[in-house]
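Structure record follows, encoded as structure tokens.
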Amino acid sequence: TSFRGEVMLAAEEIAAASVMTSIAVRLGGIYGPGRQYLIERARMGLLKKRGYPHYTNRIHRDDAAGLVRHLLFVDDPQSLYLGVDNEPAEEGDLFDWLAQRLSCTVADPDPGDRASTATSGRGVGSKRCSNQRLRDSGYTMRYPSYREGLGSLLEDVD
């Protein structure tokens, strides 16, 4: 329903109407070398939990590139794939994991921060996406969750 979403959907519809075979891939939050915003925020002490569950869907840069390459060689591809890792992450759990690895802290939510994701602008986007269709096509994630993907980035820096 956002402007960005409407533009992306319109682009997918144009591609689908083409005489050429098209495949739409909707990528989650891309992270990896050069895209370490979350790690930087954690190190600066800027992570803050919400007062309610909020799910995020991410994908390592290498898996984003790998799945696109993979789909070029699938015999009978579907028209749409979700490019996310195998595990939607509850944001607070991800923050706790990252803070433990970096020996930093995560701020607790404000006492009044209990709004439902349906009414809070901050909660927009909370969803659990599945990459099952991609896995069914034969693709195996190199980084199946944020633990492996972010963990590899932390090892490169440590």
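The residues R58 and D85 are annotated as not salt-bridged, no charged nitrogen and carboxylate oxygen being separated by less than 4.0 angstrom. Between E12 and R26, at least one side-chain nitrogen of the basic residue sits less than 4.0 Å from a carboxylate oxygen of the acidic one, meeting the salt-bridge criterion. Between E91 and R50, at least one side-chain N (NZ, or NE/NH1/NH2) sits under 4.0 Å from a carboxylate O, which counts as a salt bridge. Remark: K49 engages D96 in a salt bridge, criterion side-chain N to carboxylate O under 4.0 Å.
Under the 30°/60° scheme for interplanar angles, the aromatic rings of H70 and Y139 are found to be tilted.
Interatomic distance, F3 CZ to E6 CD, rounded to the nearest 0.5 Å: 8.0 Å. Separation of atoms CG (L98) and CG (D93) is listed at 12.5 Å; rounding is to 0.5 Å. In this structure, R101 CZ and C104 SG are separated by 11.5 Å, a value rounded to the nearest 0.5 Å. Within the model, atoms CD1 of I30 and CG of D62 stand 11.0 Å from one another, a figure rounded to the nearest 0.5 Å. Rounded to the nearest 0.5 angstrom, R61 CZ and Y143 OH are separated by 8.0 Å. Here the CG atom belonging to N57 is positioned 10.5 Å from the CD atom belonging to E87, to the nearest 0.5 angstrom.
In this structure, the side chains of M141 and N131 come closer than 4.5 Å at one or more pairs of heavy atoms. E13 places a side-chain heavy atom less than 4.5 Å from the side chain of L9. Counting only heavy atoms from C-beta outward, the side chains of P88 and T56 never approach each other to under 4.5 Å. At least one side-chain heavy atom of Y31 sits less than 4.5 Å from a side-chain heavy atom of H60. Proximity of V68 to I23: side-chain heavy atoms (C-beta onward) are nowhere separated by under 4.5 Å.
When all heavy atoms of P33 and Q36 are compared, the closest pair comes out as CA-NE2, 3.8 Å. S22 approaches A15 most closely through the heavy-atom pair OG-O, 3.2 Å. Here the closest heavy-atom approach between residue D108 and residue K48 is recorded as O-CE, 3.6 Å. Nearest approach of S126 to Y55, heavy atoms of both residues: OG-N, 2.9 Å. The two residues A64 and L67 make their nearest non-hydrogen contact at O-CG, 3.4 Å.
Both L153 and L47 belong to a single network of hydrophobic side chains, linked directly or stepwise wherever heavy atoms of I, L, V, M, F, W or Y lie under 4.5 Å apart. By the criterion of side-chain heavy atoms lying less than 4.5 angstrom apart, applied directly or through intervening Ile, Leu, Val, Met, Phe, Trp or Tyr residues, L150 is grouped together with V106 in one hydrophobic cluster. Criterion: ILVMFWY side-chain heavy atoms under 4.5 Å apart, direct or through other members. Under it, L154 and L38 are part of a common hydrophobic cluster.
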Contacts table for residues 74-84: side-chain donor-acceptor under 3.5 angstrom, sequence neighbours left out:
unit_1	atom_1	unit_2	atom_2	d
Y81	OH	Q78	N	2.8

Item to complete: Go through L71 and L134 one step at a time and tell me if the side chain to side chain contact (heavy atoms under 4.5 Å, CB included) criterion holds.
Response: CA-CA 9 Å; L71 291 173; L134 180 62; 4.2 Å; yes
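Donor-acceptor pairing under 3.5 Å is recorded for the side chains of S145 and E148. Side-chain contact, Q132 with D136: a donor N or O sits under 3.5 Å from an acceptor N or O.
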